[in-house]
Amino acid sequence: MQAPRVRFAPAPTGYLHVGSARSALFNWLFARHHGGKFILRVEDTDESRKSQEFIDAVCDPLRWLGLDWDEGPYFQSQRKPDHTAAIEQLIDDGKAYFCDLSLADSQRLSAEAGLREGYHGWSRDRNVADGDGVVVRFRVPDEGSTVVDDLIRGRVEVAHDTIDDFVIRRGDGSPVFFIANAVDDHDMGITHVIRGEDLLNTTPRVMLLWEALGYGPVPRYAHLPLLVNEQRKKLSKRRDSVALSAFVAEGYLPEAMLNALALLGWGPPDEIEIRPTTEIVSLFSLEAVNKGSAYFDLVKLKHINNAYIKALTPAEFVQAAAPWLPGHYDLEVVEVLAPEVQQRISTLSEAPGWLDWLFVDEISEYDEKAWAKAMTGGRAADRVLAELIEVLDVDPFNDPGLLETTVLEVGNRLSEEIGARVMSQAPLRVALTGSGAGIPLWEAMTHLGKERTLSRIAAAQRRLGV
RNA sequence: GCCCCGUUCGUCCAGCGGCCUAGGACGCCGGCCUUUCACGCCGGUAACACGGGUUCGAAUCCCGUACGGGGUGCCA
């Protein structure tokens with residue numbers, strides 16, 4: 001294949017949607033796989049939003065994902081003269097015409113003519129003069145059909161009599177995206193148009209314009225299955241939390257996000273799902289993309305993110321998690337304990353939840369269920385605490401193995417004395433962390449220090465009412 | 001209404017006429033490991049929407065039905 005040129009052409013809506021990100025990704029994968037070019041083009045045809053803020057809202061998430069573009073961003077709004085010229089060419093060639101009818105006019109005419117609802121070329125021969133509020137419509141051929149030879153869907157044929165003469169220039173003179181699309185794709189030498197299935201219906205219109213403008217062979221088209229929500233509806237901003245920035249903020253790793261997104265609508269032939277981006281690039285193929293829509297499952301995303309987090313070295317983890325760690329945390333301690341945290345979190349934002357007890361002066365809140373189980377309802381918890389406060393008064397307080405055996409011995413000794421199993425770790429954990437679950441204590445205790453360890457046991461004794 | 005697209009375990013993916021008594025992953029359930037929670041390991045659960053046809057043979061091809069989705073005259 002000749003080096004392809006593909007483009008990602010988002011509307012500047014002020015954020016990047018996961019569905020859009022997936023489209024961008026598939027374009028990028030295709031370009032990288034074939035050694036082609038990936039072009040970014042912002043489709044701001046209505047000229048209302050092209051502030052830096054809107055541009056960043058699209059570019060930043062793409063950069064974060066690692067989807068580097070080779071050209072652009074181009075702005076459709078800046079190409080308006082070319083679009084206008086194309087519209088004029090079509091008018092001159094008799095392939096487009098002016099129309100000044102309102103929707104109500106059109107509906108009335110359809111009703112009077114006994115035709116289905118829709119615009120039936122009413123102004124084709126009315127010789128309407130151009131003017132304020134007058135639109136330009138494309139004259140769709142009455143006969144025949146247009147065939148989209150889709151790389152994913154195969155042959156899709158749409159009869160021309162189901163396509164009404166559509167508007168290509170608004171009443172205010174601005175070009176509509178169909179025409180901008182055709183002109184830009186042509187001028188930019190786009191060879192493959194890869195986008196969501198929601199645009200499949202508009203493709204014949206763009207193809208018709210392409211042909212009318214004498215552009216020659218159309219690009220290859222590939223319409224990706226839609227990403228849907230639990231209700232199987234197209235993901236929407238209002239209903240679903242879909243901004244990529246939200247995933248960034250929660251602490252998903254870009255490689256994990258990319259990996260997860262690549263698995264929606266596509267799967268590697270060898271069934272190995274979690275793998276480096278370079279492998280995804282080399283295995284990717286548009287022909288292997290499926291047709292059915294996909295639900296973006298957060299649970300699986302978390303699993304994938306956890307896998308990537310676990311694969312980080314401690315130093316890498318600290319660096320990645322730093323934005324979510326309060327400033328008073330000792331990052332050297334975090335790095336030592338990193339592996340224990342990494343295996344327990346699925347997003348980086350969860351990291352403080354496992355570490356916070358290490359960096360506060362005292363426990364202000366205890367998990368009541370854990371307290372009830374280990375303390376109030378724990379066997380001989382009062383005696384365990386009393387013994388621990390004695391035996392843990394050791395120097396130096398820096399040997400995890402020694403701390404472990406020391407603590408467990410307390411439980412074992414009391415077990416023998418009482419004749420029933422006494423757990424010493426459970427009360428200690430609750431006393432130190434306020435929780436019944438957490439990372440292993442021994443190493444962490446050496447960083448908590450003897451002083452805080454003993455004072456927390458004492459605090460627990462007071463709370464127990466001993 | 002009309003046009004277009006789709007339909008394999010709850011979810012994502014594999015399967016592109018015989019290798020399928022349908023495979024992998026997530027989830028879920030059970031077990032092992034473990035004096036916490038996890039990780040890890042082992043096992044289990046669960047699907048070809050339905051009906052015709054083509055064929056020696058269909059999850060794979062064709063037709064229809066059902067269901068779902070997308071589009072539908074100045075959003076992109």
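By convention in this document, chain letters (A, B, ...) are assigned in the order of the sequence lines, proteins followed by strands, and residues within each chain are numbered from 1.
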So [X], base contact, sugar-phosphate only, or nothing? Heavy-atom distance under 4.0 Å.
{"X": "A:Val299", "result": "sugar-phosphate"}
{"X": "A:Glu157", "result": "sugar-phosphate"}
{"X": "A:Ala294", "result": "sugar-phosphate"}
{"X": "A:Arg169", "result": "nothing"}
{"X": "A:Thr433", "result": "nothing"}
{"X": "A:Pro440", "result": "base"}
{"X": "A:Gln342", "result": "nothing"}
{"X": "A:Ala104", "result": "nothing"}
{"X": "A:Gly265", "result": "sugar-phosphate"}
{"X": "A:Tyr295", "result": "sugar-phosphate"}

If I pick the [atom1] atom on [M] and the same atom on [N], what distance separates them, to the nearest angstrom?
{"N": "B:C67", "M": "B:G31", "atom1": "C1'", "value": "40 Å"}
{"N": "B:A49", "M": "B:A14", "atom1": "P", "value": "15 Å"}
{"N": "B:C37", "M": "B:G30", "atom1": "P", "value": "15 Å"}
{"N": "B:G1", "M": "B:C19", "atom1": "P", "value": "42 Å"}
{"N": "B:A25", "M": "B:G44", "atom1": "P", "value": "12 Å"}

Nearest to the side chain of [X] - [options]?
{"X": "A:Thr162", "options": "B:A76, B:G24, B:C3", "answer": "B:C3"}
{"X": "A:Leu200", "options": "B:C4, B:U36, B:A14", "answer": "B:C4"}
{"X": "A:Val156", "options": "B:C4, B:G10, B:U35", "answer": "B:C4"}
{"X": "A:Ala437", "options": "B:G68, B:U35, B:C37", "answer": "B:C37"}
{"X": "A:Glu197", "options": "B:U35, B:G70, B:C5", "answer": "B:C5"}
{"X": "A:Glu273", "options": "B:A76, B:A25, B:G68", "answer": "B:A25"}
{"X": "A:Asn290", "options": "B:C39, B:C13, B:C12", "answer": "B:C13"}
{"X": "A:Arg344", "options": "B:A76, B:U11, B:C37", "answer": "B:C37"}
{"X": "A:Arg205", "options": "B:G71, B:C74, B:C37", "answer": "B:G71"}
{"X": "A:Lys291", "options": "B:C74, B:U7, B:G27", "answer": "B:U7"}

Classify the side chain of A:Asp198 and the base of B:G71 as holding, or not holding, a donor-acceptor pair under 3.5 Å.
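Check fails, no donor-acceptor contact within cut-off.
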
Donor/acceptor link under 3.5 angstrom from A:Arg153 side chain onto base of B:C5
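Under the 3.5 Å cut-off, the side chain and the base do not form any donor-acceptor pair.
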
Quick one: look up who [N] pairs with, Watson-Crick or G-U, both distances under 3.5 Å, and put none if it's unpaired.
{"N": "B:C74", "result": "none"}
{"N": "B:U55", "result": "none"}
{"N": "B:C50", "result": "B:G64"}
{"N": "B:G23", "result": "B:C13"}

When you check the gap from the basic side-chain N to the acidic O, do A:Glu390 and A:Arg383 get nearer than 4.0 Å?
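A:Arg383 and A:Glu390: not salt-bridged.
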
One thing to verify: whether A:Arg79 and A:Asp187 come together as a salt bridge, which I'm taking to mean a side-chain N less than 4.0 angstrom from a carboxylate O.
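Judged by the 4.0 Å cut-off on N to carboxylate O distance, A:Asp187 and A:Arg79 do form a salt bridge.
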
For the pair made of [atom1] in [X] and [atom2] in [N], what is the distance, rounded to whole Å?
{"X": "A:Trp442", "N": "B:U35", "atom1": "CH2", "atom2": "P", "value": "10 Å"}
{"X": "A:Ile304", "N": "B:A25", "atom1": "CD1", "atom2": "C1'", "value": "9 Å"}
{"X": "A:Glu443", "N": "B:A38", "atom1": "CD", "atom2": "P", "value": "22 Å"}
{"X": "A:Phe178", "N": "B:A76", "atom1": "CZ", "atom2": "P", "value": "8 Å"}
{"X": "A:Leu103", "N": "B:C74", "atom1": "CG", "atom2": "P", "value": "8 Å"}
{"X": "A:Leu226", "N": "B:G6", "atom1": "CG", "atom2": "P", "value": "13 Å"}
{"X": "A:Lys234", "N": "B:G68", "atom1": "NZ", "atom2": "P", "value": "18 Å"}
{"X": "A:His83", "N": "B:A76", "atom1": "NE2", "atom2": "P", "value": "12 Å"}

Find which nucleotide of RNA chain B each of A:His120 and A:Pro268 is nearest to by heavy atoms, and output the residue with the more 5' nucleotide.
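By nearest-heavy-atom nucleotide position, the 5'-most residue is A:Pro268.
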
Here's a test of your reading of the structure: between A:Ile274 and A:Gly292, which maps to the more 5' nucleotide of RNA chain B?
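Looking at the nearest nucleotide for each, A:Gly292 comes out on the 5' side.
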
Please check the phosphate of [N] (OP1 and OP2 only) for any side-chain N or O of [X] closer than 4.0 Å.
{"X": "A:Arg170", "N": "B:A76", "value": "yes"}
{"X": "A:Asn181", "N": "B:A76", "value": "no"}
{"X": "A:Lys310", "N": "B:A38", "value": "no"}

Should the heavy atoms of other residues, nucleotides or ligands under 6.0 Å from CD of A:Glu117 be counted, would the total exceed 12?
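No, not enclosed.
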
Donor-acceptor contact present, side-chain A:Gln78 to main-chain A:Tyr74, <3.5 Å
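Flag not set: sc A:Gln78 to bb A:Tyr74 has no pair under 3.5 Å.
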
A:Asp149 side chain to A:Arg220 main-chain N or O, any donor-acceptor pair under 3.5 Å?
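Not a single qualifying donor-acceptor pair exists.
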
Could you check whether the rings of [X] and [Y] sit parallel, tilted or perpendicular, using 30° and 60° as the cut-offs?
{"X": "A:Trp371", "Y": "A:Tyr366", "result": "perpendicular"}
{"X": "A:Phe30", "Y": "A:His192", "result": "tilted"}
{"X": "A:His17", "Y": "A:Tyr15", "result": "tilted"}
{"X": "A:Tyr119", "Y": "A:Tyr97", "result": "parallel"}

